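This one's a predicted model, so the numbers in the text were calculated from it and none came from an experiment. In what follows, chains carry the letters A, B, and so on, assigned in the order in which the sequence lines appear, proteins first and then strands, with residues in each chain numbered from 1. Basis for what follows: all heavy atoms, side chains included, without hydrogens, waters or symmetry-related copies.
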2 protein chains.
Amino acid sequence: MKVLIVDDDNLVAVSLKTILSSDSEIEVTGIGNDGTVAIRLYEEQQPDVLLMDIRMSGMSGLDAGSEILSKHNDARILYLTTFNDDEYIIKAISIGAKGYIIKQDFESIIPAVKSVYKGQSVFGNAITEKLPGIINKKKTFDYESFGITPQEKEIIEEIAKGLSNKEIADKLCLSEGTVRNYLSNILRKLDLRDRTNLAIFYYQNR
Amino acid sequence: MKVLIVDDDNLVAVSLKTILSSDSEIEVTGIGNDGTVAIRLYEEQQPDVLLMDIRMSGMSGLDAGSEILSKHNDARILYLTTFNDDEYIIKAISIGAKGYIIKQDFESIIPAVKSVYKGQSVFGNAITEKLPGIINKKKTFDYESFGITPQEKEIIEEIAKGLSNKEIADKLCLSEGTVRNYLSNILRKLDLRDRTNLAIFYYQNR
DNA sequence: AATATGATGTGACAAATGTCATATCGCATT
DNA sequence: AATGCGATATGACATTTGTCACATCATATT
């Protein structure tokens, strides 16, 4: 199985080569440090799997992958990243990458490469937990377990609709001051700074 | 690595056991033919990976998996199926399953089980091609068409992360006043009241 | 009856937010 | 050279927001 490695950080690229080369089935055919190089090396070597960083100076891994896939729609690209940004996961899957795993998780890399070689898609540990959220916003946050009372929960719902303190007070028949007190308690319990961050939290954990 | 196999068709279940047992790292701790049995055996054996059919007479694999995951949210469930229906894929991912592969693809099963054991998610050959389509069913809002400039878009991104005007100013090397002006323009263009509503809008149109 | 508790309220305060009018500067068009 | 435009900036201002200390009051507990 021929593997091409492309990583911005040459030290990482070399380490990956060492790790992968320890497996008898894997042959590392090349190392690159940039998106444009990835495209060129891919053309030259036609590797079975391209193991590539997302964030790179110069051409990004996503752009390079996108270009490679437009020519070779059977290319098997496995992204490596230090970040596990939702945005990147979605983009990576969208362009047709076969996987997305965290760089640090060394011992998962070889099985991941093998799975991808067999045509499967692989998503690493940290990403795995986010998949349900990405596919379908169904995993709800358990506010109760953070000591949020039903009344406070109600306030959260209203803030998530974009209402001001005054409006919430009118709607729930409370004084504005009380709403503020509740909000203040909510923010402390959830360790958030302000209503905007609460709204963000709400929509990210729906 | 302890693996529990559950399949409606006993012949398939036994075949799977034979295949998996050929690997020295894998120990098949049990076989079941129904969802309710899956739940009971899971409790008894606490396997590392549960390899289960989706379609089964009696309780379905999805319902059983859902119940198991509600008690053991670290359960690693790998679904096997003869069908590759989008609905099932989405449901499987939604409940938090770690994989979804096609039964017929025998030689992919062992690496898939191993990847799942390591905490990764695996999606088989046939499914892999559908992932981009599944992910892309989301409708992204076109900010440009509402006259939002790239600079303003950048501000929106930062607000959606929960940053204050001051923080955004520092990050983008602008004065706080300028950030306020931009925000003011954004709110007018999108007809929103404040940053909280902007954040809500952002997450609802992602 | 005495006390504790929880829900609600008030007032004061500092900080952040949003709006507006206006200014500067560089660049492109005329 | 004159003009206009877009990006950036400033200052003033009213409003909203978040925090805190403390008050009130009904109900439940002892």
Side-chain angles (χ1 to χ4, degrees), chain A residues 57-58 60 85-87 140-206, chain B residues 140-206:
Chain A
S57 59
S60 86
D85 196 318
D86 287 13
E87 208 45 32
T140 33
F141 179 77
D142 182 13
Y143 289 92
E144 271 182 62
S145 72
F146 270 69
I148 300 293
T149 68
Q151 183 73 281
E152 287 167 347
K153 182 68 200 303
E154 183 57 30
I155 304 269
I156 293 175
E157 299 290 345
E158 300 306 331
I159 284 176
K161 287 178 191 156
L163 275 59
S164 70
N165 290 333
K166 182 76 177 64
E167 287 168 333
I168 297 171
D170 288 349
K171 189 163 178 180
L172 304 186
C173 293
L174 296 171
S175 83
E176 189 187 337
T178 303
V179 174
R180 288 184 189 193
N181 288 336
Y182 280 133
L183 173 56
S184 201
N185 291 334
I186 292 165
L187 296 178
R188 187 168 26 71
K189 286 177 185 174
L190 297 180
D191 195 26
L192 296 167
R193 314 158 79 180
D194 51 40
R195 70 202 299 106
T196 303
N197 279 274
L198 174 57
I200 293 169
F201 179 85
Y202 179 89
Y203 284 100
Q204 282 182 338
N205 292 284
R206 215 153 42 116
Chain B
T140 353
F141 180 77
D142 182 12
Y143 288 92
E144 271 180 63
S145 73
F146 270 67
I148 301 293
T149 68
Q151 184 72 282
E152 287 167 347
K153 182 68 199 304
E154 182 59 29
I155 304 268
I156 294 174
E157 298 290 345
E158 301 304 331
I159 285 176
K161 286 180 189 155
L163 274 59
S164 70
N165 290 332
K166 181 74 175 66
E167 287 169 332
I168 296 172
D170 289 347
K171 190 164 176 181
L172 304 185
C173 293
L174 297 171
S175 82
E176 190 188 335
T178 303
V179 174
R180 288 185 190 192
N181 289 336
Y182 280 132
L183 173 56
S184 200
N185 292 333
I186 292 166
L187 294 178
R188 187 168 27 72
K189 287 178 186 175
L190 298 180
D191 193 26
L192 296 167
R193 311 159 80 183
D194 51 40
R195 70 202 299 108
T196 303
N197 280 275
L198 174 57
I200 292 168
F201 179 85
Y202 178 89
Y203 283 101
Q204 282 181 340
N205 292 285
R206 224 162 26 128

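Across all non-hydrogen atoms, the minimal contact from A/Ile148 to A/Glu152 is CA-OE1, 3.4 Å. Closest approach of B/Gln151 to B/Leu172, counting heavy atoms only: OE1-CD1, 4.4 Å. Between A/Gly162 and B/Asn197 the shortest heavy-atom distance is O-ND2, 3.0 Å.
The residues A/Lys161 and A/Glu167 are annotated as not salt-bridged, no charged nitrogen and carboxylate oxygen being separated by less than 4.0 angstrom. Ion pairing of A/Arg180 with A/Glu176 is present here, as a side-chain N (NZ or NE/NH1/NH2) and a carboxylate O approach within less than 4.0 Å.
Judged by distance alone, the side chain of A/Lys189 and the main-chain N or O of A/Gly147 form a donor-acceptor pair under 3.5 Å. With hydrogens and angles disregarded, no donor-acceptor distance shorter than 3.5 Å links the side chain of B/Tyr182 to the backbone of B/Ile156.
Between atom CD1 of residue A/Ile200 and atom CG of residue A/Leu192 there is a gap of 9.0 Å, rounded to the nearest 0.5 Å. Taking OG1 from B/Thr178 and CD1 from B/Ile168, the interatomic distance works out to 12.5 Å, rounded to the nearest 0.5 Å. Note: A/Arg195 CZ to A/Tyr202 OH = 14.5 Å, rounded to the nearest 0.5 Å.
Separating the CD atom of A/Glu152 from the C1' atom of C/dA7 is a distance of 11 Å, rounded to the nearest angstrom.
Scored by the ring-ring contact (aromatic ring centres under 6.0 Å, His included) test, A/Phe201 finds A/Phe141 as partners (sequence neighbours excluded). Listed by chain and residue number, A/Lys166 satisfy the side chain to side chain contact (heavy atoms under 4.5 Å, CB included) test with A/Asp170 (two or more places apart in sequence, or in another chain).
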Taking only nitrogen or oxygen atoms into account, show me every contact under 3.5 Å that the protein makes with nucleotides 22-24 of chain C, one pair per line with its distance.
none

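The nearest heavy atom of DNA chain D to B/Thr149 and to B/Arg180 marks one nucleotide each, and the one closer to the 5' end goes with B/Thr149.
Looking at B/Leu183, B/Asp191, B/Leu190 one by one, the single match for side-chain contact (heavy atoms from CB on, under 4.5 Å) with B/Leu187 turns out to be B/Leu183.
You can see that DNA chain D meets the heavy atoms of chain A within a 4.0 Å-exclusive cut from D/dT17 to D/dC20, reading 5' to 3'.
Residues of residues 157-175 of chain A that place a heavy atom closer than 4.0 Å to DNA chain D, in numerical order, are A/Ser164, A/Asn165. A heavy atom lying under 4.0 Å from DNA chain C marks the following residues of residues 183-196 of chain B, by number: B/Leu183, B/Ser184, B/Leu187, B/Asp194, B/Arg195.
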